[in-house]
Protein chains: 2
Amino acid sequence: MLTSQRKALILDILRRDGQVIAKRVAEDFELSEDTIRRDLREMAGEGLLKRVHGGALPIAPDLPDFTARRDVASGVKARLGAKAAQMVKAGQMVFLDGGTTTAEVARHLPRDIAFTVATHSPTIAAELEHHPSAEVILCGGKLYKHSMVATGAVAMASISALRPDTFFLGVTAAHPVHGFSTGDFEEAAIKRHISRCSAETHVLLTAEKFDLVSPCPVLAINEVAGLIVPAEMPAERLQPYADLNVAIAAA
Amino acid sequence: MLTSQRKALILDILRRDGQVIAKRVAEDFELSEDTIRRDLREMAGEGLLKRVHGGALPIAPDLPDFTARRDVASGVKARLGAKAAQMVKAGQMVFLDGGTTTAEVARHLPRDIAFTVATHSPTIAAELEHHPSAEVILCGGKLYKHSMVATGAVAMASISALRPDTFFLGVTAAHPVHGFSTGDFEEAAIKRHISRCSAETHVLLTAEKFDLVSPCPVLAINEVAGLIVPAEMPAERLQPYADLNVAIAAA
DNA sequence: GACAATCAAGAAATATCATGCATTTTCAGG
DNA sequence: CCTGAAAATGCATGATATTTCTTGATTGTC
């Protein structure tokens, strides 16, 4: 492989993953780590990346990486995720729904206590690869690729075997009368089942989901224990939900 | 061959591969590297290409997507993965083991035919999110984070429900006498179980895994249908395996 | 503080390079 | 057909680039 090409590839990896790990790149390219380290050193000299111990990072450390870029409202979702993650206590089992919002919960889970995370989403499970203390239970089934969650009879059965303390639910719409709803019938059934197996359910809701109805109902508003909503939501829009006897946490 | 003809061919190669390697072109044309280098120097002077150490690149490095460029880089694992992926036929069910090598299989799966992929690795499942035609079956269980695969009784049970046509197995070591082995006891049991449920098993092996033994045996060499190995493996190192009546495919 | 991973710097090995020159091929003009 | 010039090619050589290896320092982790 040509040297200049290799450097371009390293930049690709940096853009894609938001990081470069010298050792891994050396293995991938079948070259010594010295060579990769020299490349990183030179590119750091040219201001193309920032050298750190073990590899390199983008110059502006929090340039939105690939996953975050897909996610327009990432700031809000990250705040909701962090708020939800705070609710997890040592020894508990939490069930994480699929979706970009609950992925933020996974990213913000506390790293100093031990607990169990169950999920039917391989994406969520992959997020937890590097979590130091979380035990992960993966629920299998036929993968519904649009939302990347396991579905079908197998998924239902494997969820039935669990009794999570908390279920963090993601939906596409919430409405005071029509409750929570989502776009896929099968998925709605799974979400409902997880909720029924769990001691309590909390729903993460970004602002644009309020007062909407999607085709497939999941649960009524008062069937869940709480909502987690952005702090900037005006109180009067939340009032119809608060009237239904559901706790509302602002993040 | 005429000089001008040769230069045109070099430009073709550049367009086709996105790169020209002087040494390789010299071999292909059965000419000295000096001649090719002279050509490249002249063409660079005419602005037809960009000269770099070892060969040449297009003037405006147009950016094909990352996967395409990684193919240029084509590590050994990618080649093994592509070879394995070729073996998948329409309508089949294949089971993909966890690991970086089998992840390459997932990346190279054909996109023009329909088939089913089963896996107990959320990482592999995540790789297939954007595959247009693959049906994905996710096997759940307790996640063993070191290799990111589901393990335990639940995983065993959900695997038992499948009868894959082909199992692409990844291991850490292969030895003519001691067979295939890996580092974790639980994982070894799961691998063995998947293999026993599958019609045939193929093992992807990079060069450094040969003639080694890891703590936990998985299968004997002759219990699998075939090995997929790098083309540059010398025949004499493969002979002890070939003697055990196992097919060997070079990639 | 011990240990392993990672690092930088320089030496050594290898690969690639440009140059000059000899040889061969091509070809126009005799 | 012959000849000499021009072009093309291969080889030798010393220079440069690249990679790996070695060594000892630094950093991160437990």
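Sequence lines set the chain letters: A, B, ... in the order given, protein chains first and strands last, and positions in each chain run from 1.
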Pick out the pairs of N or O atoms, protein on one side and nucleotides 18-21 of chain C on the other, that lie under 3.5 Å.
| residue | atom | partner | partner atom | Å |
| --- | --- | --- | --- | --- |
| C/dA18 | OP2 | B/R41 | NE | 3.1 |

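For A/S32 and B/E42, each mapped to the nucleotide of DNA chain D holding its nearest heavy atom, the one lying further toward the 5' end belongs to B/E42. The residue among B/T3 and B/H53 whose nearest nucleotide of DNA chain D is located toward the 5' end is B/T3.
Surrounding CZ of A/R51 are more than 12 heavy atoms belonging to other residues, nucleotides or ligands, all under 6.0 Å away.
Taking a cutoff of 4.0 Å between a charged side-chain nitrogen and a carboxylate oxygen, B/K7 and B/E42 qualify as a salt bridge. For A/E27 and A/K23, the salt-bridge test fails: no basic side-chain N is under 4.0 Å from an acidic carboxylate O. Salt-bridge check for A/E104 with A/R107: passed, with a basic side-chain N closer than 4.0 Å to an acidic carboxylate O.
Under 4.0 angstrom from either OP1 or OP2 of D/dG10 there lies at least one side-chain N or O belonging to B/T35.
Partner A/L169 forms a side-chain contact (heavy atoms from CB on, under 4.5 Å) with one of A/T101, A/L96, A/T201 and no other, that one being A/T201.
Whole-Å rounding puts the B/F29 CZ to D/dG10 C1' distance at 17 Å. Residue A/E33 contributes atom CD, which lies 18 Å from atom P of D/dT23 at whole-angstrom precision. For the pair A/R6 CZ and C/dA15 C1', the interatomic distance rounds to 13 Å; values are reported in whole Å. A/I36 places its CD1 atom 14 Å from the P atom of C/dT6, with the value rounded to the nearest Å. Computed from coordinates, the B/L31 CG to D/dC11 P distance equals 11 Å when rounded to whole Å. Regarding A/K23, its NZ atom lies at a distance of 14 Å from the C1' atom of D/dG28, rounded to whole Å. The separation between B/E27 atom CD and C/dA15 atom C1' is 13 Å, rounded to whole Å. Note: NZ (A/K7) to C1' (D/dT18) measures 11 Å, nearest angstrom.
The heavy-atom pair separating B/L212 from B/A173 by the smallest distance is O-CB, 3.3 Å. The two residues B/G55 and A/L2 come nearest to each other via the heavy atoms N-CD2, 3.9 Å.
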